[in-house]
Amino acid sequence: MSIKPARTRIAPSPTGHMHLGTARVALYDYLLAKKTGGQFILRIEDTDLKRTVPGAEQEIFDGLRWLGLQYDEGPDVGGKFGPYRQTERREIYQQHAKILINNGSAYPCFCAPDRLEKVKQEQNARKENPHYDGTCRVLAPDEAARRIANGEAYTVRFKMPHDGVTVAHDHLRGDITIENKQLNDYVLLKSDGLPTYHLAAIVDDHEMQITHVLRGSEWLGTFPLHVNIVRAFGWDEPIWIHLSVFLKPSGKGKMSKRETAAAMKDGYSIFIKDMEELGFTPEGVLNWSALMGWGVAEDDVMTTAQMLDRFSVDGLTPSPAAINFQRLDHFNATHIRLFTATDLAARLKPYLIREGLNVDEDALLKIIPLIRERLVTLDDCIAFGGFFFKDEVTLAPEDLIAKGLDAKQSAEIARKSYEILSALASMDHASAEPPMRAYVESSGLNINQIFGIIRVAVTGQKVSPPLFESMEIIGKEKCLQRIKNAIGILEKI
RNA sequence: GCCCCCAUCGUCUAGUGGCCCAGGACGAAGCCCUCUCAAGGCUUAAACCGGGAUUCGAAUUCCCGUGGGGGCACCA
């Protein structure tokens with residue numbers, strides 16, 4: 001079976017932060033293109049000047065690169081189908097609007113916005129569905145031409161058939177049939193000369209030879225319109241694939257500002273730019289979002305290469321998916337365990353530096369095996385390994401007192417441990433652990449009581465990587481110094 | 001209000017008429033391992049929205065409800 005190379009595109013608007021939904025569609029686009037030996041394209045849909053926000057475009061570039069979804073063509077990489085920013089393609093859309101006017105599929109409309117608003121209100125009052133009333137649809141072509149020549153402001157509207165139905169075919173959902181009278185004479189070209197999405201996307205997808213259009217299900221409503229526009233041009237349709245939207249964790253409705261803020265409070269985000277800062281990996285984020293809307297039978301932990309191997313648009317699902325951040329944790333943690341030690345060390349380093357720690361590369365490499373399976377996010381390395389890079393640890397005195405014992409008894413344990421450990425030639429764990437275990441045996445105390453005191457003394461925390469392996473890396477001198485310090489604290493209680 | 005889409009464990013999903021008293025994963029519970037915390041191993045609970053129809057046989061096809069989602073801009 002031969003597969004034709006697919007050309008896919010992600011076409012975000014630079015109107016806000018790049019979010020998870022965009023990342024997921026981009027992933028599927030990327031997988032489909034790469035799997036078939038085709039191209040993945042980035043196109044910026046910036047035709048709404050009022051909503052464009054500075055920096056949003058750069059955030060998209062950065063987000064896609066961070067995810068590893070490098071596009072073959074785009075505003076900042078070029079390509080032979082450019083420009084890839086819609087505001088730079090204004091003339092192309094105007095020419096195409098003209099084609100539609102000339103072949104009777106569209107018409108200039110001179111209606112002023114305030115009149116349109118009034119019409120809409122009247123229709124609402126009569127409980128009719130809001131729609132353009134068709135005033136300019138019946139204008140004689142020569143009169144329209146005259147008014148344009150006179151410099152009157154106008155838009156171009158699509159001449160939607162009044163009768164019959166439109167059948168549009170979605171690859172996942174099959175035929176979608178809608179009565180044409182439900183559709184409006186939508187504006188294709190705005191009075192500022194820029195196109196609306198409806199014209200711009202259709203023209204660009206054709207001009208850029210896009211074979212598969214993957215987009216959100218919010219486009220399903222105007223899908224038949226888009227199909228009609230393609231047909232009015234006499235073009236072949238791409239394969240249409242409408243993915244469903246993400247729902248908020250409760251499953252009730254899509255992510256709102258409130259939900260987004262709530263997620264942030266829990267250390268999660270739906271904005272790609274936040275992911276790195278929160279300690280998530282591209283691998284984890286990709287794997288997680290891939291599986292919301294794509295079913296794989298088993299073994300769902302996948303690298304991008306493995307996803308590439310298994311991906312098929314036929315495996316995509318049309319039903320809405322609730323965001324589940326616990327799964328993000330799972331995939332992120334799992335991928336962290338898959339990284340090589342040197343790779344992981346390199347990824348951890350920035351977080352340690354961000355914390356103001358002096359990172360010793362050799363030590364970092366040595367602690368990787370100790371902390372790796374404890375990390376859910378990359379920045380967890382601070383909690384599990386920050387003490388390796390500090391000269392002194394600060395600790396809560398009460399943590400030094402073992403359960404069931406008092407300060408005096410705890411101090412005694414610390415002194416005895418100091419004695420045992422200071423007698424050692426080296427602090428390697430193979431040498432340190434047996435005598436300490438022997439001490440536990442002879443003391444009649446609980447192992448947790450004794451090791452717990454030393455753990456807090458040496459690491460400054462009640463939870464840490466394995467004690468003796470940690471002490472080996474910290475080194476004898478520093479360990480003894482910290483225990484001595486702990487004894488001092490205990491004696492003062 | 002009108003239109004469109006969707007519907008399997010709490011969540012993401014497998015399942016394309018018999019292999020399903022429905023499989024996997026996250027999460028939950030229990031046990032094992034264990035110096036804390038993890039990781040790992042084993043085990044358990046947990047679903048085909050309801051009703052009709054087609055069929056020898058339906059989670060799987062069709063219809064009707066119900067529920068959920070999306071849309072109805074000179075926004076995308």
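Every value quoted in this text rests on a predicted model; they were computed, and no experiment measured them. Here is the naming used below: chain letters follow the sequence lines, and residue numbers restart at 1 for every chain.
One interatomic measurement links the two molecules: CG of A:L243 to P of B:G70, which rounds to 15 Å at whole-angstrom precision. Between the CG atom of A:D185 and the C1' atom of B:C74 there is a distance of 14 Å, given to the nearest Å. Between the P atom of B:G1 and the CD atom of A:Q123 lies a distance of 19 Å, rounded to the nearest Å. Rounded to whole Å, the distance from CZ on A:F223 to P on B:G71 is 17 Å. Taking atom CG on A:D46 and atom P on B:C75, their separation rounds to 13 Å, with Å as the unit. Computed from coordinates, the A:D329 CG to B:A25 P distance equals 18 Å when rounded to whole Å. The separation between A:E179 atom CD and B:C4 atom C1' is 12 Å, rounded to whole Å. The distance from atom OH of A:Y186 to atom C1' of B:A76 is 13 Å, rounded to the nearest whole Å.
Taking A:R43 as the reference, A:E45, A:D204, A:D205 meet the salt bridge (charged side-chain N to carboxylate O under 4.0 Å, His left out) condition, with sequence neighbours excluded. Every side chain to side chain contact (heavy atoms under 4.5 Å, CB included) that A:D399 has, sequence neighbours left out, goes to A:A396, A:V456, A:K462. The salt bridge (charged side-chain N to carboxylate O under 4.0 Å, His left out) check on A:E412 picks up A:R415, with sequence neighbours excluded. In this view, A:T303 and A:Q306 satisfy the side chain to side chain donor-acceptor pair (under 3.5 Å) rule, not counting sequence neighbours. Residues that satisfy the side chain to side chain donor-acceptor pair (under 3.5 Å) test with A:D175, not counting sequence neighbours, are A:H169. With sequence neighbours excluded, the residues satisfying side chain to side chain contact (heavy atoms under 4.5 Å, CB included) with A:E59 are A:H17, A:M18, A:K273. Shown here are the side chain to side chain contact (heavy atoms under 4.5 Å, CB included) partners of A:P224, two or more places apart in sequence or in another chain: A:T166, A:I178, A:L183. Residues that satisfy the side chain to side chain donor-acceptor pair (under 3.5 Å) test with A:Q121, not counting sequence neighbours, are A:E117.
Mapping A:C109 and A:Q182 onto RNA chain B via the closest heavy atom, the residue that lands nearer the 5' end is A:Q182.
Of the P atoms belonging to B:C19 and B:G10, the separation is 23 Å, rounded to the nearest Å. Across B:U11 and B:G52, the matching C1' atoms stand 31 Å from one another, rounded to whole Å. A gap of 13 Å separates the C1' atoms of B:U55 and B:U60, to the nearest Å. Comparing the P positions of B:A45 and B:U66 gives an interatomic distance of 36 Å, to the nearest angstrom. Nucleotides B:G18 and B:A59 place their P atoms 11 Å apart, quoted to the nearest Å. On the C1' atoms, B:C21 is 16 Å away from B:G57, given to the nearest whole Å. Separating the P atom of B:A7 from that of B:C26 is a span of 25 Å, rounded to the nearest Å. B:G41 and B:C5 have their P atoms separated by 44 Å, with the value rounded to a whole Å.
Within the shown strands, nothing qualifies as a pairing partner of B:A14 under the Watson-Crick or G-U definition with both distances less than 3.5 Å. The nucleotide B:C37 finds no pairing partner, because no Watson-Crick or G-U wobble arrangement with both distances shorter than 3.5 Å includes it. Pair assignment for B:C72: B:G1, on the basis of Watson-Crick or G-U wobble contacts that are both within less than 3.5 Å. Under the Watson-Crick and G-U wobble criteria, each requiring two contacts below 3.5 Å, nucleotide B:C21 is left unpaired. Under the Watson-Crick and G-U wobble criteria, each requiring two contacts below 3.5 Å, nucleotide B:G57 is left unpaired. When Watson-Crick and G-U wobble pairs are counted only if both distances are under 3.5 Å, B:G67 pairs with B:C6. Base pairing of B:G27 is not made with any nucleotide, judged by Watson-Crick or G-U wobble geometry with both donor-acceptor distances under 3.5 Å.
Dashed line: the shortest gap from a side-chain N or O of A:K190 to OP1 or OP2 of B:C75 is under 4.0 Å. Taking only side-chain nitrogens and oxygens, A:T47 never comes nearer than 4.0 Å to OP1 or OP2 of B:C75.
A:T15 comes within 4.0 angstrom of no nucleic acid atom, judged by non-hydrogen atoms across all strands. Counting any heavy atom pair closer than 4.0 Å across all strands shown, A:S191 reaches a base atom. Here A:G253 lies in heavy-atom contact (under 4.0 Å) with sugar-phosphate atoms only.
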Indicate for each nucleotide in nucleotides 33-43 of chain B, in 5' to 3' sequence, whether protein heavy atoms under 4.0 Å reach the base (B), only the sugar-phosphate (S), or nothing (-).
-> --BBBBSS---
Once each nucleotide of nucleotides 5-14 of chain B is scored for protein heavy atoms under 4.0 Å, what B/S/- sequence comes out, 5' to 3'?
-> SSS---BBSS
A:F271 vs A:T260, side chain to side chain contact (heavy atoms under 4.5 Å, CB included): CA-CA, chis, key distance, verdict = CA-CA 9 Å; A:F271 297 130; A:T260 305; 3.7 Å; yes
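Relative orientation of the A:F451 and A:F468 rings is perpendicular, given thresholds of 30° and 60° on the angle between their planes.
Taken from CD1 in A:I44 to CD in A:Q86, the straight-line distance is 9.0 Å, to the nearest 0.5 Å.
Residue pairs meeting the side chain to side chain donor-acceptor pair (under 3.5 Å) criterion with at least one member in residues 213-222 of chain A, sequence neighbours excluded, are A:Y197-A:R215, A:R215-A:H226, A:R215-A:H242.
Contacts with RNA chain B (heavy atom under 4.0 Å) in residues 150-163 of chain A: A:T155, A:R157, listed by number.
For A:Y107 and A:F158, the distance between ring centers is not under 6.0 angstrom.
Looking at A:D380 and A:R372, no side-chain N of the basic residue comes within less than 4.0 Å of a carboxylate O on the acidic one, giving no salt bridge.
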